[in-house]
Amino acid sequence: MFEKIIKKLKSINFVYDYTMMAPYIKRYWWQAILAVGITIPVGALDAAIAWVLKPYMDVVMVEKSANTLWIPVAIILFSIFQGALTFGANYVNTWVGSRIASDVKIDLFSKLLTFDVGFFDTNTSGNIMQRFNNDVDAACSGLLTNLKQFSTRFFSSISLICVLFYNSWQLALIAVAILLLALYPLTNVRKKIKGINQQTVFTNAELVTHYNEAFSGNRVVTSYNLFSYQLNRFKETLHDVFRLGMKMIQRTGMLSPFMHMVVSFGIALVIWAGSYLIVTGKITSGSFVSFIAALILLYNPIKGIGNSFNSVQLSLMAIERVFEMMQAIPLIKDNENAIELGDIKSIEYKNVDFEYVAGKPVLQNVNLKVKSGEKIAFVGNSGGGKTTMVNLLNRFYDVKNGSISINGTDLRNIKLKSLRDKIAVVFQDNFLFSGSIRDNIMLGNQNASEEELNKAVENACLSDVIKEMPDGLDTDVGERGSRLSGGQKQRVAIARAFLKNAPIVILDEATSALDNKSEAIVQKAIDNLMNDRTVFVIAHRLSTVKNADKIVVVNYGKIAESGTHNELINNQNSIYHSLYQAQLQ
């Protein structure tokens, strides 16, 4: 039976989880060793207090001698020394744990930045916050607590068990047997809580998403009076958190009472057996009192371990989730023999198929050739695949079938950094980072000179806006650019693209959300940006693409027709002619 218990205890998986953390612990190995080393005397001093009770009881209580007055003083000194060491252990453990948490977060954030767009399509902000931040805190906090508790309790238990055997090997065998019996239920805790823990992590991530939506979507909530709707969704999620918490208690709540009962039974059994040994003269009263003190010191942590063991397991599961993300391989990555991209000569889509969801094609058998310096406009029905065409060029996603090549080389054989250095994108809704206008423009080229920056501002028709602002280029844009108008944000994004000076420019409906006045200014900036570059324009307003070298009509995932504006408009049966006439009307 004991072999089975020990085998079960080994399966709890402490060693595997801590092995994954080893590279991070290794960076602070001497501080970690110091932290563990301090706990050795902290644990051992528990046994010292129990051990000195034997001579005290035998000499003072039995022999009525007062030659042991040093014992109370020694106990006080032991306690003071133990308290000081406990503070030192807490301090060093906290330092090591915090540094490890910072290192893991840096590596995880670096990993997060490498994930493809598809990853962010299928994960909420709450889920990302949970997996890349909260799990690290839980893992490293657990690492800190577990190391300290384990080492302290380990050395305390070893020293106390030694005291038990020193006083009575017969009673010690009974005590150890009861100890193993009390620990046995812990072997099934992981299996009981793993499923609930995964659901809890997901539900807590939903809570974070609700907060993010309340912040980012506050204008929609206010405009549509969605207060009750959002509150009810939040309540439902909180109810799920409560339900899962109660289910966790149902599965693990009996651990501590059971262990308390077993330990109490063990103490009673030891007292009964000890009384017999005292009466028969096999042990002294002092040995028995010392034994009981050591036993209580040993069993007390065991009685409370049921409550803390859940936290230990949750921390271990957090470690596993952290390294699951750390070891995840992004879908979009450099091939082994990927090459650097040189000057752009040609771009070709060849028999391209693509789908976001399996079985629901977005692009089917797309073929398109583009020469360097050409201006290509994609038009067509909403959801037809226009944006997907340019997203594939930037390798936000990879094609399902077929290929996209530049200069005859498949994009998948070109280094990602090299490819994206050659492409500048202006989106319909451009994201601005917190900071100043200068900071956001300089993201296009962080080594640009002041002269290059001013030229980009001028070409983006942003100069007048900058002059009207008290802080000029150093004006804070607010979170997500909230302090700027739509047209101003677009011009900042265009200035950023100018500064990047990439040979390929993608304009994804860059003016569709603007009023006529803002559109006219932004369109002038866009015309400046398109000079001497290969340009892909996704256009909603067809009047903006009349001068394109080639207009490609994308409908329902296929290229329905292509040609110049004059060629397509003069064909009264063409889709483009119908779209153009509809907009004129």
Side-chain angles (χ1 to χ4, degrees), residues 112 114-128 131 198 202 205-206 209 212-213 216-217 220 233 324-325 328-333 335 347-370 376-406 410-414 416 419-420 423 425-429 431 506-510 512-513 536-540 542 545 550-562 574-576 578-579 582:
L112 176 65
T114 68
F115 279 110
D116 50 277
V117 175
F119 174 83
F120 296 96
D121 290 342
T122 55
N123 284 277
T124 64
S125 58
N127 189 37
I128 289 173
R131 299 299 299 274
Q198 289 174 339
F202 177 77
E206 281 191 68
T209 300
N212 288 340
E213 288 180 346
S216 301
V220 176
R233 292 176 66 206
E324 179 185 333
M325 298 310 305
I329 300 174
L331 295 177
I332 308 297
K333 60 183 184 301
N335 283 348
I347 300 170
E348 182 177 7
Y349 292 71
K350 189 173 182 180
N351 302 323
V352 170
D353 294 334
F354 179 76
E355 55 189 27
Y356 294 103
V357 180
K360 297 182 178 179
V362 176
L363 294 178
Q364 301 177 68
N365 197 35
V366 169
N367 290 277
L368 178 67
K369 291 183 179 181
V370 180
I376 307 298
F378 294 115
V379 302
N381 64 299
S382 180
K386 303 185 298 296
T387 299
T388 301
M389 292 279 290
V390 295
N391 284 344
L392 293 176
L393 179 61
N394 221 346
R395 275 200 81 190
F396 288 169
Y397 309 90
D398 274 339
V399 300
K400 180 185 177 183
N401 296 311
S403 65
I404 302 175
S405 60
I406 297 181
D410 193 306
L411 294 185
R412 290 166 289 194
N413 295 322
I414 298 172
L416 277 171
L419 170 67
R420 290 169 181 168
I423 303 174
V425 186
V426 180
F427 299 97
Q428 179 179 359
D429 181 18
F431 186 92
I506 295 173
L507 304 169
D508 189 353
E509 300 199 44
S512 63
F536 294 86
V537 182
I538 297 172
H540 174 70
L542 303 185
V545 299
K550 185 183 293 183
I551 297 172
V552 178
V553 181
V554 183
N555 265 16
Y556 304 107
K558 297 180 179 180
I559 294 181
E561 56 196 29
S562 64
S574 70
I575 298 173
Y576 180 81
S578 301
L579 291 172

Straight-line distance of I404 CD1 to L419 CG, nearest 0.5 Å: 10.0 Å
field: Closest non-hydrogen atom pair, G384 against V554
entry: O-CG1, 3.5 Å
- request: Could you tell me how the ring of F536 sits relative to the ring of F378: parallel (under 30°), tilted (30 to 60°) or perpendicular (over 60°)?
  value: parallel
- request: Considering non-hydrogen atoms only, spot the tightest contact between G402 and R412 and give its length.
  value: O-NH2, 3.1 Å
task: Give a yes or no answer on whether the side chain of N367 reaches the backbone of N351 with a donor-acceptor pair at less than 3.5 Å.
output: yes
- request: Show your reasoning for whether side chain to side chain contact (heavy atoms under 4.5 Å, CB included) applies to D353 and V399.
  value: CA-CA 6 Å; D353 294 334; V399 300; over 6 Å; no
field: Residue pair T388, Y356: steps toward the side-chain hydrogen bond (donor to acceptor under 3.5 Å, both in side chains) verdict
entry: CA-CA 10 Å; T388 301; Y356 294 103; 2.7 Å; yes
task: Look at the side chain of N394 and the backbone N and O of F396, then say whether any donor-acceptor pair between them is shorter than 3.5 Å.
output: no
message: Quick one, L393 and Y349 - any side-chain contact, counting heavy atoms below 4.5 Å?
response: yes
task: Give the minimum heavy-atom separation between F115 and F120, together with the two atoms involved.
output: O-CE1, 3.6 Å
- prompt: E348 versus S403: any side-chain heavy-atom pair under 4.5 Å?
  reply: no
- line: Rounded to the nearest 0.5 angstrom, the CG-CG distance for D116 and L331 is 4.5 Å
query: Taking all atoms of both residues into account, what is the closest heavy-atom pair of Q364 and P361, and its distance?
result: CG-CB, 3.8 Å
message: Minimum heavy-atom separation for L363 and G385, please, with both atom names.
response: CD2-O, 3.7 Å
query: Going by the salt bridge (Lys or Arg N to Asp or Glu O under 4.0 Å) test, which pairs reach into residues 389-404, not counting sequence neighbours?
result: E355-K400, R395-D398
field: Reported CG-to-CE distance for the pair L368 and M389, which is rounded to 0.5 angstrom
entry: 5.0 Å
- prompt: Roughly how far, to the nearest 0.5 Å, is the CG atom of N413 from the CG atom of N335?
  reply: 5.0 Å
query: Under a 4.5 Å cut-off applied to non-hydrogen side-chain atoms, are I376 and I347 in contact?
result: no
Nearest-0.5 Å distance, OG1 of residue T114 to CZ of residue F119: 9.0 Å
message: Measuring from atom NZ of K386 to atom CG of N381, what distance do you get when rounded to the nearest 0.5 angstrom?
response: 6.5 Å
query: Less than 4.5 Å apart, any side-chain heavy atom of V117 and any of N391?
result: no
- prompt: So, for G557 and V366, which heavy atoms are closest and what is the spacing to 0.1 Å?
  reply: O-CG2, 3.8 Å
